[in-house]
Structure formats: C-alpha cells, structure tokens
Amino acid sequence: MEPKQEAALAGPGRWLAQHVRMSSIKGKIFVLFMVTFLSIGALSGLHLWNLSTVKERMLISERYDDLLNNILEVRRVEKNFFIYGDKESLKEARVYMDKVHELVSEVGDDLPRVVGQDVYQRFMATVAAYDAQVQRSLAGVAVTAKELRDPGKQLTDAAEQFRRIKRERIHKAISRSSILPFAFMGVFLLLMVLVIKLIALGLLRPLDVVKNTTQQVARGDFSPIHHDGTGLEEINALVDAFNRMAQELESNQEDLLQARKIAAIGTLTAGVAHELNNPINNISLTAESFGEVYGENVDDDGREMLRDILSQAERAADIVKNLLDFSRTERPVFDTLDPARIMNSSIALVKNQFRIAGVYLETSIAQDLPPVAGNLRNLQQVFTNLLLNAVQASPQDSTVRVTVDTTEDARFVRFCVGDSGSGVPHEIREHIFEPFFSTKEVGKGTGLGLAVSYSIVKRHNGRIDVGGEEGEGAEFTVLIPCVSEQDTARALRAGSES
C-alpha cells in the first residue's frame, strides 16, 4: 500500500484517537451510540435474513404441496385402474410420477435437512418401488392391489408428513421474526438506562457538588473539591479548574482585604494630609523667618532648637507628602515603557545612597524585554522605594541584587530587588504592605512606602510580593503585564496622530 493510501486510511483513526476518548463524555456517548447502532444493524440484518429465510421456505413449501398433490393424483389414477381396469389410466399415472420425480429433485437439497437423511432415503426407495410397479403394470405384468396400494399409501403419508414438518419450520421462523421488535425495544431501553446513568452519575452529581462548593466559596470557604480523578474527563477538568480558582481566590483574599484597607484609610488620610499641610508650611516659614530676623540675637541652644523645629517640620512635610501619595486615586497616564529604562532610571536616582552606605549593586537585566504599559514617575517611585529599603536593610560591604526578566508564560515582566539583610519574618509578611506598618525604628520611617508602592503596582494591574528565607535577606518581586506588539503599534499610531 502506498504512503498516501496509508495516510488516508489512518486519518479517521487518528481523528478518533484525538477527539474520542473513553474517559470523556463525548467518548462514552460515542461508544454508547456506536454499540447501539451496531446492535440495531445486527438485529436489522438478522431480521432481513429471517424474512428471506421465511420467503425461501414458503416457496419451497409450495413444492411440498405440489409433491403431495401429484402423489394424490397418482393414487386417484391408481384407484381408477383397479376399479375400472383402464390401462390408459396408468399412462396418466406415468405422467404424474415424472412430475413427482421432478419435484423430489427440486427439494432434494432441502428435504434431507427437514426430515433427516434416513427418512429421505426410505422415501426415495418407496418412490422407486412404486414407480417400478407402475412400469410393470404398463408392461402387462399382473400386479396385485396390495403391491401397488401399499407403497402408494406410504408415499401419501410421507408427503403429508413432509408438508406438516415444513409448515412447522415456517411457523417457527415467523415466531422468531415476531421477537425481533422486542429485541429492538430492549436495545433502546438499555441505551436509555446507560445514558440516564451517565447523565445522573457522570454529570448531575458532580455538578451538584460544584454548585454546593460554589455556595461555600460565596460564604468565604475556599476548601477544594476532593475527587479521585477517575470520572469523566470534562468533569475532572471542571473540578481542577474550580480548585485552581478557589486556590487563587484564597491567595488573593489578602490582596482584596489589603485593597479595601487602603481604600478606607486613603479616604481618611487624604483629608488629614490636606488639613496638616498648611500648619506645617506655616511652622517651617515662621521658623525660617525667625532665624533670619532674630538669628544673631539667639544663642547656640536657641539655634539648635530652631534647627530641630525645621528638621521636624521637614519630616512632617515628608509624612504629609507620603499620605497624599498614598491617598491619590486618580489613574495616571500610561505610556509604553522599556523595562530596562524603568529600572536603570530608578537606580540612577538612588546611586548616591548606595555609595554613602557602602553597599554594592549587582544588576541582571535581560535583553529584548517586551514593553510594559505604565507611568514612568510612578514606577520610579516604586523601585526607588524598594532600592532604598534594600540599602537600609543591607549591612556595609554587602550586595543588593536587581534582576529584570520575564515570567515563564511571557505574560509579565518580573522586577526583583533582593537585599542582604535579615529578611522579613513569615509572621509579618501578610502585614508588610499595610499602611503605617513598619519594621524600622521609631522616627526612621512612616510605614507608608510599601503601602504606596502596593497601591501604584495595583493601578498598573500588577502584583508585588515579598520572598526570601528569614536570615538570608528579603526579595521583593514586582510583576507588570507585558504589552503585546499590536497594542504597542496601536499606541504609537495614536501618539503620532495626536
């Protein structure tokens, strides 16, 4: 067979292997209907064969009737011969005997099967004996009535028996045909039972479990559906997808709570920050004016107190600025940005802090990174905050590691900032992005830096996480969605048109 022919023959089989699997709903339904189709086909074939057999037997049965009728005609001629002594009647008997021989020849294949070989042989011997007596009578030999009537009676009895047996066989064949409709009904009933069982056990029961579990998820219970994975393929896929969804919802629950906290606190802090901004500015301006006007008349202690006032006012102004950044809810203008540019520009803003702290910076930025959609200033704020936190957490002569690459599915650009400090304890990681939560000493942090970074990353449809083993340093990971080439081209066209 040529390769093309083999490929053509292998096509349907390959399609079945790809689309029809016994573990799937399609596979089971396909098998059920195929078995039903083959069963009905076999029953239909059997029914046609049975009808053909009945038809054939009825045709042959007509020959048996003709055989009996011709034997009876021979007996009638025989009777006339003995009553009236008419030898011409024997010539007519000769004609009927020839027809008997002809009919016996026509049913010669069927007769042994109907009555058995022994009965058939005795019948043929009787026909030969009777025919011999007729020949003798025609030849003028005296034949007694007993010599002719006895084999004649045997022929009549045998022909009647043959006809009766043949009709009984026909009746049996018709009876078998009458059973076939019930067989059809049984096949359809079996198919209905199997389909109902498949739907009830394979579909409705698992779907009912999924419905109940979905209601539990709505109440905040994210327990997965426990199953052995031996059911239908589609149901297994549905259960696995549901369990993954529940796992994702549970893992994102903290993010949702965090977002709610930020939204609630943001509304409060916005008002507080605006109210504090003006008094703090007045304090700073008053202290500076006092120093300029009365500075010469103030002793060293007074100048030190003025410097403290200005320093604390500046610190309060930074806190207010962080509060305003934290509470800002407007969506910034996004541009298509190069991830390498985002990180390099952020590093440039804090490189002096690295030099002053004596901390080394190690960078690994992948080539040909896909662009991201974002606001450069906001993202710089995120990464400068993470870099400054890394510098402050790392001891002198240690290293801060920066990595920029893509995730395995190429959907996100991954920015990682890892320090050489003591790490973030697991028990406080769920609070690390909450507003006003800080691990720094009192007076050295507002606890808003990571909360602001979290809020900015969320506005960029991204995600920020903290990792690393305790005692081996912390690693903050920021994921920002990539921008497809179509989106980039669309943004460039929009920019050129504007």
Side-chain angles (χ1 to χ4, degrees), residues 42-181:
L43 289 173
S44 300
L46 179 61
H47 186 58
L48 291 175
W49 174 83
N50 207 24
L51 289 177
S52 176
T53 302
V54 170
K55 179 180 179 181
E56 180 182 354
R57 289 180 179 178
M58 292 183 70
L59 292 175
I60 297 177
S61 177
E62 293 178 0
R63 297 293 177 268
Y64 283 88
D65 292 337
D66 293 341
L67 176 63
L68 176 60
N69 291 332
N70 279 277
I71 291 175
L72 290 175
E73 288 295 326
V74 171
R75 296 300 311 280
R76 180 181 62 80
V77 173
E78 169 199 316
K79 182 178 179 181
N80 291 336
F81 171 73
F82 283 109
I83 293 176
Y84 303 107
D86 186 5
K87 291 187 177 182
E88 293 296 325
S89 299
L90 292 178
K91 294 181 180 180
E92 187 179 355
R94 177 70 266 168
V95 174
Y96 286 118
M97 284 303 300
D98 290 339
K99 291 183 179 180
V100 169
H101 282 291
E102 182 181 347
L103 291 170
V104 169
S105 177
E106 291 181 8
V107 298
D109 294 333
D110 182 68
L111 189 56
R113 292 196 301 268
V114 174
V115 299
Q117 190 68 31
D118 293 339
V119 176
Y120 172 71
Q121 293 294 338
R122 287 197 299 270
F123 175 75
M124 294 301 295
T126 304
V127 170
Y130 188 85
D131 192 36
Q133 296 298 332
V134 172
Q135 291 291 350
R136 290 177 61 197
S137 297
L138 289 173
V141 178
V143 177
T144 63
K146 181 175 177 59
E147 291 176 335
L148 196 57
R149 288 181 181 277
D150 287 349
K153 186 177 186 305
Q154 292 175 6
L155 287 178
T156 304
D157 294 341
E160 288 180 348
Q161 181 185 9
F162 297 163
R163 185 178 66 171
R164 186 183 67 255
I165 295 174
K166 191 63 180 179
R167 287 183 176 180
E168 289 177 354
R169 289 170 64 88
I170 293 175
H171 290 160
K172 289 181 181 179
I174 294 175
S175 299
R176 286 198 300 269
S177 298
S178 64
I179 296 174
L180 288 177

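If you're wondering where the values come from, they're calculated on a predicted model, not measured in any experiment.
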Report summary line: Residues at least two apart in sequence or cross-chain that pass side-chain contact (heavy atoms from CB on, under 4.5 Å) with Arg164, listed by chain then number, are Gln161, Glu168
Looking at [atom1] of [X] and [atom2] of [Y], how far apart are the two atoms once the value is rounded to the nearest 0.5 Å?
{"X": "Tyr96", "Y": "Leu72", "atom1": "OH", "atom2": "CG", "result": "11.0 Å"}
{"X": "Asn70", "Y": "Lys99", "atom1": "CG", "atom2": "NZ", "result": "6.0 Å"}
{"X": "Asp157", "Y": "Leu68", "atom1": "CG", "atom2": "CG", "result": "10.0 Å"}

Query raised in the report: Any ion pair linking Arg122 and Asp118 (charged N to carboxylate O, less than 4.0 Å)?
Result: no
**Report entry** Glu73/Arg76 salt bridge by N-O under 4.0 Å criterion
**Finding:** yes
Report summary line: By ring pair (Phe, Tyr, Trp, His ring centres under 6.0 Å), Phe123 pairs with (sequence neighbours left out) Phe162
Report task. Sequence neighbours left out, what pairs pass ring-ring contact (aromatic ring centres under 6.0 Å, His included) with at least one residue falling in residues 137-157? Result -> none
